[in-house]
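Reminder, nothing fancy here: chain letters follow the sequence lines and each chain counts from 1. The model shown is predicted, which means the values in this text are computed figures rather than measured ones.
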Amino acid sequence: MYALVDCNSFYCSCERLFRPELLKRPVVVLSNNDGCIVSLTKEAKLLGLKMGEPFFKVEKLIKEKKVAYFSSNYALYGDLSNRVMSILEEEINDVEVYSIDEAFLKLEAMEQFEYQRLGEKIKERVFLEVGIPVSVGIAKTKVLAKIANHIAKKNAEAQGVFVFPDDGKKDDVLKKFPVSEIWGIGSSSSMKLLMLKIKSAYDLKYYENEKEIQKILTKKGRQIQDELREISCVETESFEKKKTILSTKSFGASVYLLKELEEAISVYITRACEKLRKEESLAASMLIFIQTNPFKETPQYAMQAMVHFSTPTDNTFVMIKEGKRLLEKIFLEGFEYKKAGVMLMDLSDSDSFQLSLFDDPKKINQNENLMKVVDKINQRYHEVVVKSLACGTEGRWKMQRQFKSPSYTTRWSDLLKIKI
DNA sequence: TCTGGGGTCCTAGGACCC
DNA sequence: TCTGGGGTCCTAGGACCC
């Protein structure tokens with residue numbers, strides 16, 4: 001059996017924790033660069049606000065209705081997430097952290113009512129000890145646990161905990177559950193299923209032509225079908241190392257010049273390499289891309305370029321040099337650029353890598369100590385204070401976060417002050 | 001007129017998730 | 001004016017080999 005524990009409107013709940021007066025007010029949290037809504041409370045949903053909506057389109061409504069709005073504060077959310085997860089780990093041995101706000105727990109066999117009780121206990125403990133409301137769904141497979149969790153959240157009578165029934169009622173639950181809400185079925189797949197008259201989870205579970213499902217939804221779709229039939233087959237390994245590392249960002253203002261793009265790319269390479277070294281990995285290839293704004297009716301251009309390193313590296317300076325070279329190859333003058341990014345690929349462990357035949361082993365780790373010192377200094381100050389000059393000196397490539405709350409739990413100077 | 005069969009590797013793109 | 005960022009997996013098709 002699996003339990004899926006999922007924090008309710010996680011980012012918003014984190015903001016409310018330190019601003020209890022917001023408990024009754026609608027709250028939304030915005031994406032990087034304050035672009036779109038990425039988390040919202042049910043009060044905000046009632047006002048008609050939606051996940052993924054651009055902020056500028058709903059700004060007026062938000063202000064009119066006195067909705068509290070925040071930029072994302074990852075230092076805060078990450079820290080609270082760790083606290084939630086450590087409670088789950090105290091309760092259950094086998095915890096798989098699936099994302100910042102949810103985890104799968106593998107449960108031992110017990111009676112139905114005991115599952116219910118366990119779910120309630122977890123929910124209460126997390127709320128009491130961290131202050132974050134969670135929902136718990138329990139079922140035989142991960143896909144079913146996701147469905148159970150959905151019901152735990154949506155149905156008022158479930159009160160945040162739902163154990164998938166083990167008797168004849170289970171198909172009734174599936175009949176009421178739209179196929180489009182199943183985990184792993186997106187809008188494109190649900191359209192295709194609709195053509196086959198598959199509307200509910202129940203329809204998919206009992207659809208007999210498995211080859212057809214394989215054909216239109218590929219392997220993943222067949223797995224989902226099996227999971228609905230209580231055959232567990234979806235793996236979610238979250239502890240493996242990353243296979244690619246990305247750093248990409250939209251620009252606040254439009255960019256036209258090669259020199260500006262060079263700076264931006266250098267900043268993103270710096271960030272990506274930091275992540276790479278933190279993972280203790282090396283990259284064997286790097287891809288950079290630039291593009292115009294697809295939402296605008298201006299001439300469009302998007303291009304990418306890739307380089308393979310003869311010896312895998314994690315060296316920021318080496319990559320910046322290559323990045324500039326690639327950029328020159330793909331840059332075209334006259335376009336209004338909106339976004340650029342870097343992708344590090346073919347990652348391998350930094351303690352075991354293949355030298356190229358022509359490399360001098362002594363030169364491979366030339367800058368290793370320098371990189372270590374740079375990382376240490378930047379970690380200490382929580383921002384990039386030492387960097388390559390290629391990144392520019394104005395810091396204009398930083399993320400916009402105009403409405404960020406304090407880092408209450410990770411910065412001494414941001415500690416909450418209470419007047420008595 | 002008529003041009004095989006079997007295989008690998010790589011890449012781009014689609015779909016999905018949070 | 002203003003539309004996120006980071007990630008995984010799968011498949012089809014091209015290029016290539018013998």
Side-chain angles (χ1 to χ4, degrees), chain A residues 4 6-7 9-11 28-40 50-60 62 69 71-72 74 77-78 81 97-104 142-143 146 149 180-193 214-224 233-254 268 271-272 274-276 279 284-285 287 289 291-298 302-306 308 336 338-347 397-403:
Chain A
L4 175 65
D6 191 314
C7 303
S9 307
F10 181 54
Y11 294 174
V28 301
V29 173
L30 305 175
S31 64
N32 297 336
N33 279 331
D34 299 329
C36 311
I37 295 176
V38 288
S39 176
L40 65 172
K50 288 200 181 73
M51 186 81 167
E53 231 166 352
F55 178 57
F56 75 91
K57 281 192 182 169
V58 287
E59 191 174 353
K60 206 169 149 230
I62 282 178
Y69 53 101
S71 305
S72 353
Y74 293 110
Y77 312 150
S81 170
V97 178
Y98 177 66
S99 74
I100 194 164
D101 74 330
E102 63 190 300
F104 285 104
K142 287 179 180 166
V143 167
K146 270 272 186 182
N149 188 284
S180 57
E181 310 240 315
I182 298 173
W183 183 46
I185 308 255
S187 61
S188 165
S189 298
S190 51
M191 294 281 269
K192 289 177 195 157
L193 290 173
Q214 167 85 39
K215 209 177 103 194
I216 62 172
L217 303 188
T218 73
K219 190 180 159 189
K220 190 89 179 280
R222 274 291 299 124
Q223 285 188 339
I224 290 171
C233 55
V234 169
E235 302 275 344
T236 47
E237 286 161 65
S238 43
F239 288 109
E240 268 186 33
K241 282 197 174 187
K242 288 204 180 83
K243 292 173 180 166
T244 55
I245 287 176
L246 274 113
S247 176
T248 134
K249 217 148 285 120
S250 303
F251 308 134
S254 297
Y268 304 156
R271 267 183 47 92
E274 262 171 23
K275 285 195 228 172
L276 186 67
E279 283 266 312
S285 34
L287 177 143
F289 69 88
Q291 66 180 60
T292 49
N293 187 348
F295 294 104
K296 251 183 166 177
E297 305 238 337
T298 48
M303 193 48 71
Q304 61 191 52
M306 192 164 65
H308 292 280
E336 188 179 342
K338 178 63 182 168
K339 192 175 178 179
V342 176
M343 201 168 163
L344 304 180
M345 293 172 299
D346 303 323
L347 308 189
W397 309 108
K398 265 200 229 161
M399 198 197 306
Q400 275 225 22
R401 287 196 292 183
Q402 239 184 297
F403 321 112

Those residues of residues 29-39 of chain A lying under 4.0 Å from DNA chain C by at least one heavy atom: Ser31(A), Asn32(A), Asn33(A), Gly35(A), Cys36(A), Val38(A)

Tell me, please, which residues at least two apart from [X] pass salt bridge (Lys or Arg N to Asp or Glu O under 4.0 Å).
{"X": "Glu181(A)", "value": "none"}
{"X": "Glu102(A)", "value": "Lys146(A)"}
{"X": "Asp6(A)", "value": "Lys153(A)"}

Residues passing the side-chain hydrogen bond (donor to acceptor under 3.5 Å, both in side chains) test with Glu336(A), sequence neighbours excluded, are Ser254(A), Lys296(A)

Contact span of DNA chain C against chain A, any nucleotide atom under 4.0 Å from a heavy atom, 5' to 3', runs dC2(C) to dT11(C)

Which residues share a ring pair (Phe, Tyr, Trp, His ring centres under 6.0 Å) with [X], sequence neighbours left out:
{"X": "Trp397(A)", "answer": "Phe251(A)"}
{"X": "Tyr69(A)", "answer": "Phe55(A), Phe403(A)"}
{"X": "Phe10(A)", "answer": "none"}

Tell me, please, which residues at least two apart from Phe56(A) pass side chain to side chain contact (heavy atoms under 4.5 Å, CB included). Pro54(A)

Sequence-distant partners of Asn33(A), side chain to side chain contact (heavy atoms under 4.5 Å, CB included), two or more places apart: Lys249(A), Ser250(A), Met399(A), Gln400(A)

Mapping Gln223(A) and Phe295(A) onto DNA chain C by nearest heavy atom, which one lands closer to the 5' end? Phe295(A)

Which residue lies more 5' along DNA chain C, comparing Thr218(A) with Phe55(A) via nearest heavy atoms: Phe55(A)

Just to be sure I understand the rule, does [X] reach a base, reach only the sugar-phosphate, or reach nothing, if contact means heavy atoms closer than 4.0 Å?
{"X": "Leu287(A)", "result": "nothing"}
{"X": "Lys339(A)", "result": "sugar-phosphate"}
{"X": "Glu102(A)", "result": "sugar-phosphate"}
{"X": "Lys243(A)", "result": "sugar-phosphate"}
{"X": "Ile245(A)", "result": "sugar-phosphate"}
{"X": "Arg271(A)", "result": "sugar-phosphate"}
{"X": "Gln214(A)", "result": "sugar-phosphate"}
{"X": "Ser189(A)", "result": "sugar-phosphate"}

Would you measure the distance from the C1' atom in dG4(B) across to the matching atom in dC16(C) and give it in whole Å? 16 Å

Symbol by symbol from the 5' end, with Watson-Crick or G-U pairs under 3.5 Å, [ ] crossing and | another strand, DNA chain B is ....||||||||||||||

Side-chain contact, heavy-atom cut-off 4.5 Å: Phe289(A) with Met343(A)? no

Ile224(A) versus Leu217(A): any side-chain heavy-atom pair under 4.5 Å? no

